[in-house]
Amino acid sequence: MDILEGLNPAQREAAETTEGPLLILAGPGSGKTRVITHRMAYLVRVVGINPRRIMAVTFTNKAAREMRERLQVLLAGSVEHLSVGTFHAACAAILRRDGEALGLSPRYAIYDDEDQLGLIKRSLQDLGIDPKRYPPRSFQSAISSAKSQMITSAGFAQRARSYFEEVVSRVYRHYDTLLDQSQALDFDDLLMKASQLFQNHPDVLEKYQSRYLHLLIDEFQDTNITQYALAQQMAAKHRNICVVGDPDQSIYSWRNADLRNILNFERDYPEARVVFLEQNYRSTKTILEAAHQVVSVNRDRKENALWTDNEEGPPLRVVETFSESEESQFVVGEIDSLLRQGESRHMDCAVMYRTNAQSRALEEAFVRYGMPYQVIGGVRFYSRREIKDVIAYLKLIYNPWDSVSLARIVNVPPRGIGQKTMDELQQWAKGLGLPLYTALQRLAEDRSASPLGARSAQALAGFYSMMEELARQSREQGVVELLDNVLQASGYKEYTLEQPDGDDRWDNILELRGIAAQYQDLKPPEGLTLFLEGVSLFSDTDEMDEKKDLVTLITLHQAKGLEYPVVFIVGMEEGVLPHIRSFDDPAQMEEERRLCYVGMTRAKRRLYLVRSLRRSLMGGTNANPPSRFLKNIPAKLVQTTGLFGEEPKPAPRPKAGGVDLSAGDHVQHPRFGKGVVVSCTPVRDDQEVVVVFDGVGIKKLLLSLAQLTRRD
DNA sequence: GCCTCTGGATTTTTT
DNA sequence: ATCCAGAGGC
């Protein structure tokens, strides 16, 4: 059997070119994933490369998992030694193994951006910088951007030109010191330190270089300078580096992705073969043409020749609604009618939006109609307070120098250790030149050693001995028992349950416990290591369920790499898509355009572009003109529908349910009892009625379904 | 030290 | 609308 069977000539060329550098420029829907997996299968089966000598880097863990699964099928097993993962995960593992050469503890903590921001705030405090004048976030992004380009704090100080940059360099330096004291790395450090490790320790680099004969990098257009440096280091010996990307789908420049990488690749590897994948197998001609018209307006762009053999397909639908809720109603109603026609299942449909906040109105509509859906992203599981708290306990057990985790949970649940006590402890520790946790230890051993009050000292000593006991247990227990012990010893369970939304929070903790169970059987230090690494590097798309029959609600960014027969892009308005923040920067505006292109090219068969006349934002409501991107789509590809007709139309007196209501009417409901109508909004051929029920509260109901009767 | 209230800012996208 | 810091009462 031929592994390359069924590939078109360009795909075949890409898969067969196994020696030397290779750049694959792959348009949307061009079978990129297929090429990558077949290329790897070819390497193993035909060229005879041992899978453990191949490394593949993907953008998300989910992409990594999929690649592994597909290869499993192609190779019939034998993929367990293949290295597939994100840059971050790969670097985390490298540093865990060899980071000691840099003076890094193998138990280093990983700080996410919330932790990072906290540490920056502390830096500002230490340095006496006013966070009102200099927003902490501006330092966060400046430092992240520097680290993404391999610029250290010393390097930053050197090239600081403005006064602000000078301030940043001081914050950067202090922030790094604090990280160091905590034995912690932020996300950007994972990449930069790994690269520094390679740079300063050729013996370590040599080990990885010799092991990996072949390196493959997916989504190359979204890599930053530091990631490229890493790739170059790893590939320097064998020069078998294959990168795959599409400049038109570059949408992460705000995360410091740098399109120069693609240009640099051709400069650094002049002998590189370049393969263009230009046949699209995903979308209809109509969709592809429309998307092309949108993106080709960009000036900073290389033209390509994407084409498809697929049929014309139905026209795009551009739909104009009056309000956000009507927009959502339309989406749900339209999906419902596609379902009724037997054309699609829920899982064939996706709704995409620019900002997470937009998912709310949509969710309301889905809930009200009882249509099954899943939201990707939004309030992320691992950033929920209770989850971060519990993980902070585990992180502190694992690495007692982790000052961010210590500060987070030392008084959660409240145990009499307030800010003042912590300040005093800090002061005392600093005076002795001790890390916080060591000071805590000394205090616990001899209460009179510290200048702190007896009450505070007592509380701190209690906390210390609890943590020590947990740490002791962690040496012989699995992750699940450890978690249970933490919840028990800290009193976190009772603390959570007595909160107003305690039941939900507790459910989340139980879910975390379920995740921990996957690490339960590993022997003590390793289980905790991998669990903590897993939760730190987890991303939202990772949890997406593709098997359940649900409609997917997702941001345009997260939708990259996915495809659906039916796609709705909502909020096609100036200020939303393109986002208002891009208005004054042409480069950012081009990125918005690419983002729109990415969204459109997710669609296989039907594409809806929906906008609303009015949209609520931070309390107020405003009216946005239609997105400029709509104007670039040729009219012949589009069917436009306006649902609002003459807009602020007076509530037509409809007939649904034989009842006829307006604001102020008194009504009766079988379940909610007596109430008063607050408002009626026409919704397609129905009415949405808001009613305040006595003793029940406000409910939104659909007139046709609600069985309301009038009480005169 | 702990809890609640108020006013002010604040939202793009995420490994 | 929602989150956060700071003030003030217990």
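Just so it is clear: chains get the letters A, B, ... in the order the sequence lines come, proteins before strands, and each one is counted from 1. As the structure is a computational prediction, the values presented were derived from the model and not from experiment.
A salt bridge does not link A:Arg505 with A:Asp389: every distance from a Lys NZ or Arg NE/NH1/NH2 to an Asp or Glu carboxylate oxygen is 4.0 Å or more. Looking at A:Arg360 and A:Glu364, no side-chain N of the basic residue comes within less than 4.0 Å of a carboxylate O on the acidic one, giving no salt bridge.
Residue A:Gln588 is in base contact, counting any heavy-atom pair closer than 4.0 Å across all strands shown. Looking at heavy-atom distances under 4.0 Å, A:Thr421 makes contact with sugar-phosphate atoms alone, never a base. A:Arg137 comes within 4.0 angstrom of sugar-phosphate atoms only, judged by non-hydrogen atoms across all strands, and of no base. At a threshold of 4.0 angstrom between heavy atoms, the contacts of A:Phe59 are confined to the sugar-phosphate backbone, with no base atom among them.
You'll find that the side chain of A:Thr555 is closest to B:dT13, out of B:dT13, B:dT15, B:dG1. Among B:dT15, B:dT11, B:dT14, the nucleotide with an atom closest to any side-chain atom of A:Trp254 is B:dT14.
B:dT14 atom P lies 11 Å from atom CG of A:Asp113, rounded to whole Å. One can place CG of A:Leu460 at 10 Å from P of B:dG1, the figure rounded to the nearest angstrom. What separates CG of A:Asp222 from P of B:dT15 is a distance of 12 Å, to the nearest Å. In this entry the distance linking OH of A:Tyr353 with C1' of B:dT11 reads 15 Å, nearest Å. Atom CD1 in A:Ile143 sits roughly 21 Å away from atom P in B:dT15 (whole-Å rounding). In this structure, the CZ atom of A:Arg594 is 13 Å from the C1' atom of B:dT13, given to the nearest Å. In this structure, A:Asp189 places its CG atom 18 Å from P of B:dT15, rounding to the nearest Å. A:Arg615 places its CZ atom 15 Å from the C1' atom of B:dT11, with the value rounded to the nearest Å.
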Just the table, please: protein N/O against nucleotides 2-8 of chain B N/O, every pair under 3.5 Å.
unit_1 : atom_1 : unit_2   : atom_2 : d
B:dC2  : OP1    : A:Gly416 : N      : 2.8
B:dC2  : OP2    : A:Asn411 : ND2    : 2.9

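In summary, the side chains of A:Thr529 and A:Tyr398 do present a donor paired with an acceptor at a separation below 3.5 Å, with no hydrogens or angles considered.
The six-membered or imidazole ring of A:Tyr208 lies near that of A:Phe198, with a centre-to-centre distance under 6.0 Å.
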Under 4.0 Å protein heavy-atom contacts per nucleotide of nucleotides 2-10 of chain C, with B for base, S for backbone only and - for none: S--S-----
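Close to B:dT14, at under 4.0 Å from its OP1 or OP2, lies a side-chain N or O of A:Asn356. OP1 or OP2 of B:dT14 lies within a sub-4.0 Å distance of a side-chain N or O belonging to A:Gln558.
Comparing the same atom, C1', in B:dT13 and in C:dC4 gives a spacing of 23 Å after rounding to whole Å.
The minimum heavy-atom distance linking A:Ala109 with A:Lys395 is given by the pair CB-CE, 4.3 Å.
Place A:Thr58 and A:Lys420 on DNA chain B by their nearest nucleotides, and A:Lys420 ends up nearer the 5' end.
Residues A:Leu512 and A:Asn508 have side chains not in contact (no heavy-atom distance under 4.5 Å, counting atoms from C-beta outward). By the 4.5 Å heavy-atom criterion applied to side chains, A:Phe366 and A:Val551 are counted as neighbours. No side-chain heavy atom of A:Leu216 sits under 4.5 Å from any side-chain heavy atom of A:Val57.
When each of A:Arg614, A:Arg611, A:Arg615 is tested with A:Glu573 by the rule salt bridge (Lys or Arg N to Asp or Glu O under 4.0 Å), just one qualifies, namely A:Arg615.
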CA sep, side-chain torsions, deciding dist, call: A:Phe59, A:Tyr252, side chain to side chain contact (heavy atoms under 4.5 Å, CB included): CA-CA 11 Å; A:Phe59 195 67; A:Tyr252 282 94; 3.6 Å; yes
